[in-house]
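The structure appears right after this line, and notes come after that.
The first residue of the sequence shown is numbered 1, and numbering continues consecutively from there.
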Amino acid sequence: FPSHDMKVITIGDLLSHTSGLSPWFPFYVLKNRQDSALWPLFFKKAQKDGQRRYSDLGFLCLGKALEELWQMKISDWFEKNIIKKLQLKNTGFRHHLADISNDHFVPTSLGNPYEKFLTQKTLQDWNTDLEKFHIQCRKIEDVFFRNYRLQGECNDADCFLWNQSA
């Protein structure tokens, strides 16, 4: 991001969880998923102090960097370079395994009750910045939180609810 007030974050920072990026953000509450103000906000709020803190956002950034480098989606790269080369039959991203029924997958949990709590807390903590950057979010009561046995779908709400990636 070409702005003088952004923190410089390297690939090494992302890999070692020292980027200072927020650990998590509920992307699925965004009204506009393509909101260009969101990522600069993450970088401005980064607290790069050398401390190790797990960050989903860091791995999302790393994924985007790899997709730029490879000029293809991670799921396509994984399919080409891992699944096909190793001749794996029941391994991959869920959208690549559409013909396999859910009973072939191990259940992970009964919903994810922590998702709703974490979403509410994050939106409260970020409210001032979201308003300042004109980033609009859906109301919490309009978000679908799963309360059934998760099987054959990603446990992580951002992956499942936002982009259906895993």
Original post:
Please walk me through it: do Tyr28 and Glu115 pass side-chain hydrogen bond (donor to acceptor under 3.5 Å, both in side chains)?
Top reply: CA-CA 11 Å; Tyr28 48 84; Glu115 290 171 350; 5.5 Å; no
Original post:
Relative to each other, are the rings of Tyr114 and Phe117 parallel, tilted or perpendicular (30° and 60° limits)?
Top reply: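 The arrangement is tilted - the two ring planes meet at 30° to 60°.
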Subject >> Geometric class of the His17/Tyr54 ring pair [parallel <30°, tilted 30-60°, perpendicular >60°] >> reply: tilted
Original post:
Considering residues at least two apart in sequence or located in another chain, which fulfil the ring-ring contact (aromatic ring centres under 6.0 Å, His included) criterion with Trp77?
Top reply: Trp70
Subject >> Sole residue of Thr122, Leu123, Ile135 in side-chain contact (heavy atoms from CB on, under 4.5 Å) with Val29 >> reply: Leu123
For a 4.5 angstrom cut-off between non-hydrogen side-chain atoms, does [X] reach [Y]?
X: Leu38; Y: Phe133; result: no
X: Tyr148; Y: Leu150; result: yes
X: Trp39; Y: Leu57; result: yes
X: Ser16; Y: Arg52; result: yes
X: Cys61; Y: Ile9; result: no
X: Leu14; Y: Phe59; result: no
X: Cys137; Y: Leu30; result: yes

**OP:** Indicate whether the side chain of Arg149 and that of Gln151 have a donor and an acceptor atom separated by less than 3.5 Å.
**Re:**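 The criterion, which ignores hydrogens and geometry beyond distance, is satisfied for Gln151 and Arg149.
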**OP:** Examine distances only and state if a side-chain atom of Lys45 and a backbone atom of Ser22 form a donor-acceptor pair shorter than 3.5 Å.
**Re:**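 No, Lys45 side chain to Ser22 backbone: no donor-acceptor pair under 3.5 Å.
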**OP:** State whether the side chain of Glu67 and the backbone N or O of Lys73 hold a donor-acceptor pair below 3.5 Å, judged by distance alone.
**Re:**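 Not a single qualifying donor-acceptor pair exists.
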Subject >> Verdict with supporting geometry, Lys121 and Asp125, salt bridge (Lys or Arg N to Asp or Glu O under 4.0 Å) >> reply: CA-CA 6 Å; Lys121 181 170 182 354; Asp125 293 348; 2.9 Å; yes
Subject >> Closest non-hydrogen atom pair, Asp13 against Lys48 >> reply: OD2-NZ, 2.6 Å
**OP:** Determine the minimum heavy-atom distance between Asp76 and Met72, stating which atoms define it.
**Re:**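 Minimum heavy-atom contact is C-SD, 4.0 Å.
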Original post:
Would you say Phe144 and Phe25 are hydrophobically clustered, going by side-chain heavy atoms of ILVMFWY under 4.5 Å?
Top reply: yes
Original post:
Does atom CD of Glu141 have more than 12 heavy-atom neighbours, drawn from other residues, nucleotides or ligands, at distances under 6.0 Å?
Top reply: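 More than 12 heavy atoms, drawn from other residues, nucleotides or ligands, come within 6.0 Å of this atom.
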